[in-house]
Amino acid sequence: MSTLLLDAEAIYADLLRGVQKLWQPEAVLVGIWSGGAWLAERLQRDLGLAGQAGVISSSLHRDDFGSKGMSAKADHTKLPFEVEGRHIVLIDDVLYTGRTTRAVINELFDFGRPASVTLAVLVDRGGRQLPIEPAFSAARVHLPAEQRLRLAKSEDGRFSFDVKEG
């Protein structure tokens, strides 16, 4: 058995450089709840952007909504800007099947029709079930399907990863 060691802070630095290359004038950051929201908030600050990054939840558009239901804190979507006609840089921590990304794009279109949506992720772990690919991924890893890779944030704002079974 091997241990996966990922330096989340070093990978974040690569994500920052990647998002800088993708950036367009008048673009806005939108982070997918929760890890993507943490990343978007920090990217907003590190890129020196005015205002706040948006946060979007997949809860209302999930394809497993019928079996999982909605959590008590399901509505995390907060978009402090107009979506209509904007270039959206969508940020996520870990891209796996693509189902969360699909749900989030559906949620985003409930707020208007963006000019474009560009996906940037901290880690792409493969295993796609839908034809969704990031424009930029800071790292690529392969994990068995029974393992989950989760971004964690410490009280001082530093990122790390947890790998869990199940």
Side-chain angles (χ1 to χ4, degrees), residues 1-25 27-59 62 73 76-81 86-105 107-108 114 116-166:
M1 183 168 162
S2 64
T3 302
L4 179 66
L5 296 175
L6 294 173
D7 182 343
E9 285 295 321
I11 297 171
Y12 170 79
D14 287 342
L15 178 65
L16 177 61
R17 286 188 290 275
V19 169
Q20 284 174 321
K21 291 177 184 173
L22 296 173
W23 200 252
Q24 300 180 52
V28 291
L29 289 171
V30 176
I32 298 174
W33 180 260
S34 66
W38 298 335
L39 292 165
E41 179 183 296
R42 187 154 155 199
L43 285 164
Q44 185 87 10
R45 184 183 68 235
D46 292 347
L47 291 168
L49 302 174
Q52 293 182 321
V55 176
I56 196 156
S57 170
S58 65
S59 298
R62 292 191 59 87
K73 297 180 180 179
H76 297 288
T77 297
K78 291 178 183 41
L79 299 171
F81 40 74
R86 298 300 287 270
H87 294 285
I88 307 288
V89 179
L90 188 60
I91 305 294
D92 203 3
D93 55 350
V94 179
L95 176 60
Y96 183 30
T97 64
R99 292 181 181 280
T100 297
T101 306
R102 188 235 16 112
V104 161
I105 291 171
E107 173 83 0
L108 190 61
S116 66
V117 179
T118 303
L119 178 62
V121 300
L122 192 63
V123 175
D124 180 350
R125 66 167 283 180
R128 217 74 76 240
Q129 296 172 355
L130 297 173
I132 292 175
E133 290 298 319
F136 181 82
S137 64
R140 295 181 196 277
V141 299
H142 294 282
L143 293 172
E146 65 274 2
Q147 289 185 334
R148 293 182 43 92
L149 181 63
R150 193 175 67 85
L151 185 67
K153 184 175 95 167
S154 67
E155 297 218 4
D156 67 356
R158 294 184 58 79
F159 298 125
S160 61
F161 287 106
D162 294 327
V163 179
K164 305 253 187 225
E165 296 294 323

Completion exercise
dist Leu119:CG -> Leu22:CG (nearest 0.5 Å) comes out at 9.5 Å
Problem - Atom pair CG (Leu90) and CD1 (Ile32), whose distance is rounded to the nearest 0.5 Å - result: 4.0 Å
Completion exercise
Residues at least two apart in sequence or cross-chain that pass side-chain contact (heavy atoms from CB on, under 4.5 Å) with Ala53, listed by chain then number, are Leu29, Ala40, Gln44
Exercise for the section: For Ser34, check side-chain contact (heavy atoms from CB on, under 4.5 Å) against everything at least two apart and list the hits. Expected result: Trp38
Practice task
Sorted by first residue and then second, give each ring pair (Phe, Tyr, Trp, His ring centres under 6.0 Å) pair with at least one member in residues 39-59; sequence neighbours left out.
Solution key: none
Output all residues satisfying side chain to side chain donor-acceptor pair (under 3.5 Å) with [X], sequence neighbours left out; order by chain, then residue number.
X: Ser116; answer: His87
X: Arg125; answer: none
X: Gln20; answer: none

Fill in the blank from the handout: Residue pairs passing the salt bridge (Lys or Arg N to Asp or Glu O under 4.0 Å) test with at least one member in residues 142-156, sequence neighbours excluded, are Arg150-Asp162
Handout entry: Any pair counted as salt bridge (Lys or Arg N to Asp or Glu O under 4.0 Å), so long as it reaches residues 15-25, sequence neighbours left out
Key = Asp14-Arg17
I need the minimum non-hydrogen distance between [X] and [Y], along with the two atoms involved.
X: Pro134; Y: Leu95; value: CD-CD2, 3.4 Å
X: Arg158; Y: Arg42; value: CA-NH1, 4.3 Å
X: Leu151; Y: Ser160; value: CD1-O, 3.4 Å
X: Ala120; Y: Leu15; value: CB-CD1, 4.2 Å
X: Arg102; Y: Leu130; value: CB-CD1, 3.8 Å

Practice task
Using atom types as modelled and distance alone, determine if a side-chain donor or acceptor of Ser57 lies under 3.5 Å from a backbone N or O of Thr77.
Solution key: no
Within a strict 4.5 Å, meaning less than it, do heavy atoms of the [X] and [Y] side chains meet?
X: Val104; Y: Val30; value: no
X: Val94; Y: Leu122; value: no
X: Val89; Y: Leu43; value: no
X: Leu49; Y: Trp23; value: yes
X: Leu108; Y: Leu79; value: yes

Exercise for the section: Would you please name every residue forming a salt bridge (Lys or Arg N to Asp or Glu O under 4.0 Å) with Arg86, sequence neighbours left out? Expected result: none
Exercise for the section: Could I get the full list of salt bridge (Lys or Arg N to Asp or Glu O under 4.0 Å) partners for Arg128, not counting sequence neighbours? Expected result: Asp124, Glu133
Exercise for the section: Starting from the C-alpha separation in whole Å, work towards a yes-or-no answer on side chain to side chain contact (heavy atoms under 4.5 Å, CB included) for Asp93 and Val123. Expected result: CA-CA 6 Å; Asp93 55 350; Val123 175; over 6 Å; no
Problem - Counterpart residues, ring-ring contact (aromatic ring centres under 6.0 Å, His included), relative to Phe159 (two or more places apart) - result: Tyr12
Handout entry: NZ/NE/NH1/NH2 to OD/OE distance under 4.0 Å, Lys78 and Glu41
Key = no
